[in-house]
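Report on the following structure.
Reminder, nothing fancy here: chain letters follow the sequence lines and each chain counts from 1. None of the values given here were measured: they were computed from a predicted structure.
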Number of protein chains: 2
Amino acid sequence: MALDRQRIVTEAIALLDAEGLDGVTTRKLATRLGVRSPTLYWHFPNKAALVTAIAEEILEEQFPELTRPGPEERWQDWLSGLATRLRRALLAHPDGARIVSASQLSLKMAAISELAMSTLMERGFALRQARLIVLTVERFTLGFVLEEQWPRPEAGSGEDLDLAAYGAMFPTVMAGVTDYFQPGRTVDDLFQDCLRMVIEGPPAAP
Amino acid sequence: MALDRQRIVTEAIALLDAEGLDGVTTRKLATRLGVRSPTLYWHFPNKAALVTAIAEEILEEQFPELTRPGPEERWQDWLSGLATRLRRALLAHPDGARIVSASQLSLKMAAISELAMSTLMERGFALRQARLIVLTVERFTLGFVLEEQWPRPEAGSGEDLDLAAYGAMFPTVMAGVTDYFQPGRTVDDLFQDCLRMVIEGPPAAP
DNA sequence: GGGTCCTCCCTATCAGTGATAGAGAGGAGC
DNA sequence: GCTCCTCTCTATCACTGATAGGGAGGACCC
């Protein structure tokens, strides 16, 4: 099987799923491809370019095509769905947010921005407003998933002890966390609630 | 001069300022301190702990003390100021956002959250609402600066060419950028505008 | 005073990383 | 048949974070 960019990226993502971003080394990837590591440098100028290609692929998986809202659909709901798909893309692979945030000038990301901004303008927003809204939603989503994705589950160590001390020092934060995740709520709900605040606005100030 | 954590962190930040996060290696840092690199491992268990300490120091610089709003101050203005200080902290050193986002369980960050949430609750917000607002503002700010801070200015290469192609593919995005940075506007204004949207709510939907 | 422990820094060394130089196999096209 | 081009190889670099284990020197106790 010939070695081309697409096959390299596909295998890189498999390796990423297995070992996380830090596990994606040129040697391990080459071994998986039945090849020696310098070979990769014929297809990619350096590792950063490879990571960028991975980022594009991750986005592509979740956005095979970009669709505008239906005529009856509220722009708020449509934009919220777009952000949710973006988050899903970032969550679909370990360190997804780190990877996408490290990839500069992503074409797919730009295409998403283009779609969102032009859609908002069709709905009557001025250029500047459209840009503000889209930028805010995108960067919030990235920041959210970045923190959400941090601690690769490596349980075992003294976790409760830290949590107890933490709760003593920051009672309100602690109360907020435990209050929030009470019945069947998940981080997904948290994201949706925050996203709604960004898009629809915060609750009336008391 | 005795070597202690504080002196190591101070010198690490000087090195960070000079060479960026990737330039902060144990050897370079040790050389600056007049010491050999394994010595650092007596003071820090590993490099991640060092980076976390750097993150705490970066936040500490900008938040030597945490102050609540005055009785007449709108919570929106106070919270906006808090986020602005957070952004300033992240921007004060190269890769600041990367560093802080990579540091897990930052105590200073938790202290900031605690202050913000309890302040909002004093102003009448329910626990859950306070948490949503604070979380959203924090993660948005992190995401914003993370992207803002990306391209370490390394000009020279074919930059205009890319921009031209970019503009052809994504006209609305391009128009938004050029429209925005017209007269004396800067990224600071962009951040403030986005932040206002998060805190005060988006403009009335057309 | 003498012994013992602890703190702090050292030398030597490891495995692993991204990356480059330069050789060579093998097919395409003239 | 020759030449070029595409692709992969071996060999090697400079560096990285990290560990093992030794030793100087002060603190502290008998």
Take atom OH of B/Y41 and atom P of D/dT16, then tell me their distance rounded to the nearest Å. 11 Å
Tell me which nucleotide among D/dT8, C/dA19, D/dG17 gets nearest to the side chain of A/V35. D/dT8
When the distance from CZ of A/R36 to P of C/dG24 is rounded to whole Å, what number comes out? 17 Å
Closest approach to the side chain of B/T25, judged atom by atom: which nucleotide of D/dA18, C/dG18, D/dT16 is it? D/dT16
In whole Å, I'd like the distance from the CG atom of A/L40 to the P atom of C/dT17. 13 Å
Charged N to carboxylate O below 4.0 Å: is that the case for B/K108 and B/E56? no
Can you tell me the distance, in whole Å, between the CG atom of A/D22 and the P atom of D/dA18? 12 Å
Report the distance from atom CZ of A/R27 to atom C1' of C/dT17, rounded to the nearest whole Å. 6 Å
Determine, for A/D4 against A/R7, whether the closest basic-nitrogen to carboxylate-oxygen distance falls under 4.0 angstrom. no
For C/dC8, take OP1 and OP2 only and decide whether either is under 4.0 Å from a side-chain N or O of B/T39. no
Give the nucleotide from the list D/dT8, C/dC9, D/dA18 with an atom nearest to the side chain of B/W42. C/dC9
Tell me whether the NZ or CZ atom of A/R139 lies within the 45° cone about the ring axis of B/F140 and under 6.0 Å from its centre. no
Assess whether a salt bridge exists between B/D188 and B/R88, defined as any Lys/Arg side-chain N lying under 4.0 Å from an Asp/Glu carboxylate O. no
Candidate nucleotides D/dT16, D/dT8, C/dA19, ranked by approach to the side chain of A/K47 - the nearest: C/dA19
Provide, to the nearest angstrom, the distance between the CG atom belonging to A/L21 and the C1' atom belonging to C/dG18. 14 Å
Out of D/dG17, C/dG18, C/dA12, which has the shortest distance to the side chain of B/P38? C/dA12
What is the distance from CG of A/L33 to P of D/dC9, rounded to the nearest Å? 10 Å
N-O pairing of B/E148 and B/R87 below 4.0 Å: yes
A/H43 vs D/dT6: side-chain N/O to OP1/OP2 distance below 4.0 Å: no
May I have the distance from A/K28 (atom NZ) to C/dA15 (atom C1'), rounded to whole angstrom? 12 Å
